[in-house]
Amino acid sequence: MALPKPVDVTRTPEWAALQEHFDRLQEEGVSLKKWFADDPDRVASMTFDVEDLRFDLSKNLVTEETLDLLVKLGRAVDLEGRFRSMVCGEHINTTEDRAVLHTALRRPKEQSGAFMVDGQDVVADVHETLASIYDFADKVRSGAWTGVTGRPIETVVNIGIGGSDLGPVMAYEALKPFADAGIKARYVSNIDPNDIAEKTRDLDPETTLFVVVSKTFGTLETLTNAREARAWLLEGLRDAGAIDGSEDAAKEAVSRHFVAVSTNLELVEEFGIDPKNAFGFWNWVGGRYSVDSAVGTILAVVLGPERFQDFLAGMHAMDHYFAHTPLEENAVALMGLINVWYVDFFKSYSHAVLPYDQYLHRFPAYLQQLTMESNGKSVRWDGTPVTTETGEIFWGEPGTNGQHAFYQLIHQGTQLIPADFIAFANTPNPTRDGEQDVQELFLGNFLAQTKALAFGKTAEEVRAEGTPEEIVPARVFEGNRPTTSIFGVRLDPFALGELIALYEHITFVEGTVWGLDSYDQWGVELGKQLAKEITPALSESDAALAEQDASTRSLIEFYRENRTW
Ligand code: F6P
């Protein structure tokens, strides 16, 4: 079925109404202080509880009327209909002519048979693969799966990049307190030789297992690192006298120390990994949407199948909430729509994500691929140019570290930077510093920052503290810096699953309003192609050097002159 053309959202009456509303707010003056004072119900009406997460949207630069107009905008682009098309397997990834079905990865087994897409029972296939991943994970965890010398696995090294790395590493870091089998995880992604060198330096080949993860199994970085890992393994085993130099011994060692995750099992076999040691997934899973597919195999190993199931259940709970909650009360949809409000009306292009939980320290990096590879586009899903600004620059660091680095700009800079604060009531590491509960000290900082950003500090308040007049302006906080607070009970596999699905759907909402195919990523291709052409010029090819532009040539000449090895 042909997809409808994207609506040019800027030509809708709903957009015009929002523009008028925005202009009016600018004239009247945007004031969170006033809005809070005028509306005693503001917090209650803008707070939403989803499972064990509380969403407080009240410190955003929106009124009830703004939200109402944004919801109307969502309906004008048929947000709900497009989501239904997505979960039912329509090919909404138009430029690759693919279904977009990451939500199927976390559907419960009972839904097998309910989603036939392009002739495939997607839920049944997902659960068949999950069963084999869980079986493998149990074997590694129990020590039944051993290295070639019979020793149990102590470290699993994930080799992958982009979506085949960022999700697993983020989730591993986030859920470290749940890694209970005594198996360590490491992640190699960069083609920079320093990455693999540092990650393998102190490992024992006899107890190391590599999981090579690549959707395409054609990614330069991953295949290069996988070959290096294989050479490291065989050399280490031979040096230790654990295997002889024969081909058969090498094959046997690779089969005990390498597994693969890919949609392309033929290339896995060509690489030398036995397809019986490979876990598949499907073209309808985008790399950046794949942490809950076989791409998360390393997580099933270190956390255990049960926790991986909890993680999937958290994602499914969020999918269900997003799909079945009217837009007016749908915190996820509202967050996406509010982001559009900031980008397209406030012209605010950067968005901070500030986890008040050290375990989420890789979450902003993960979100960067999810959001920016999805919505960093200038043409719409039918190939026509976009009609408004798209994409947001997502970035962030955990609090309180960020407070001592870049918060100055968020509090007092000239740019408006909406920020999502994420915190949890409970910590797995409760600590006291004398009388002081350290978690409470930490949470006090989270609350203080959102309060300071929203309500600021007036010149009168600064003066009242006895501040000399000449430095009063520097100490004024104008406030009205928008934040969303996501406050959870505890960071566990379920909650992490919810957070990931939340941002997937926020990305969907923004992409739909802008008319984008959020599921392709052609913008990464040109650089890959040019790298293949340029690399020979670095070492020997003068012909390749001559092909380059003047700047590239000059940089290569510098390299050739200075290389010392
Ligand atoms: O170059 C971008 C990209 O295609 C990402 O979308 C993807 O997550 C990453 O490369 C890795 O791709 P693969 O899993 O196929 O190795």
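These numbers come from a predicted model, not from an experiment. All ligand and atom numbering here is 1-based and tracks the order in the structure.
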Has E525 got more than 12 heavy atoms of other residues, nucleotides or ligands less than 6.0 Å from its CD?
yes
Kindly state each residue pair satisfying side chain to side chain donor-acceptor pair (under 3.5 Å) with at least one member in residues 126-138, sequence neighbours excluded.
D135-K139
Quick one: do W232 and F210 satisfy ring pair (Phe, Tyr, Trp, His ring centres under 6.0 Å)? Show the steps, please.
CA-CA 11 Å; W232 172 88; F210 292 95; 5.8 Å; yes
Sorted by chain and residue number, the side chain to side chain contact (heavy atoms under 4.5 Å, CB included) partners of A405 (sequence neighbours excluded) come out as none
Could you list all the salt bridge (charged side-chain N to carboxylate O under 4.0 Å, His left out) pairs where at least one residue sits in residues 357-376, not counting sequence neighbours?
R288-E373
For ligand 1, protein residues within the heavy-atom limit of under 4.0 Å are I161, G162, G163, S164, S214, K215, T216, T219, G287, Q369, E373, Q521, V524, K528
Is it true that the side chains of N401 and H361 contain a donor and an acceptor less than 3.5 Å apart?
no
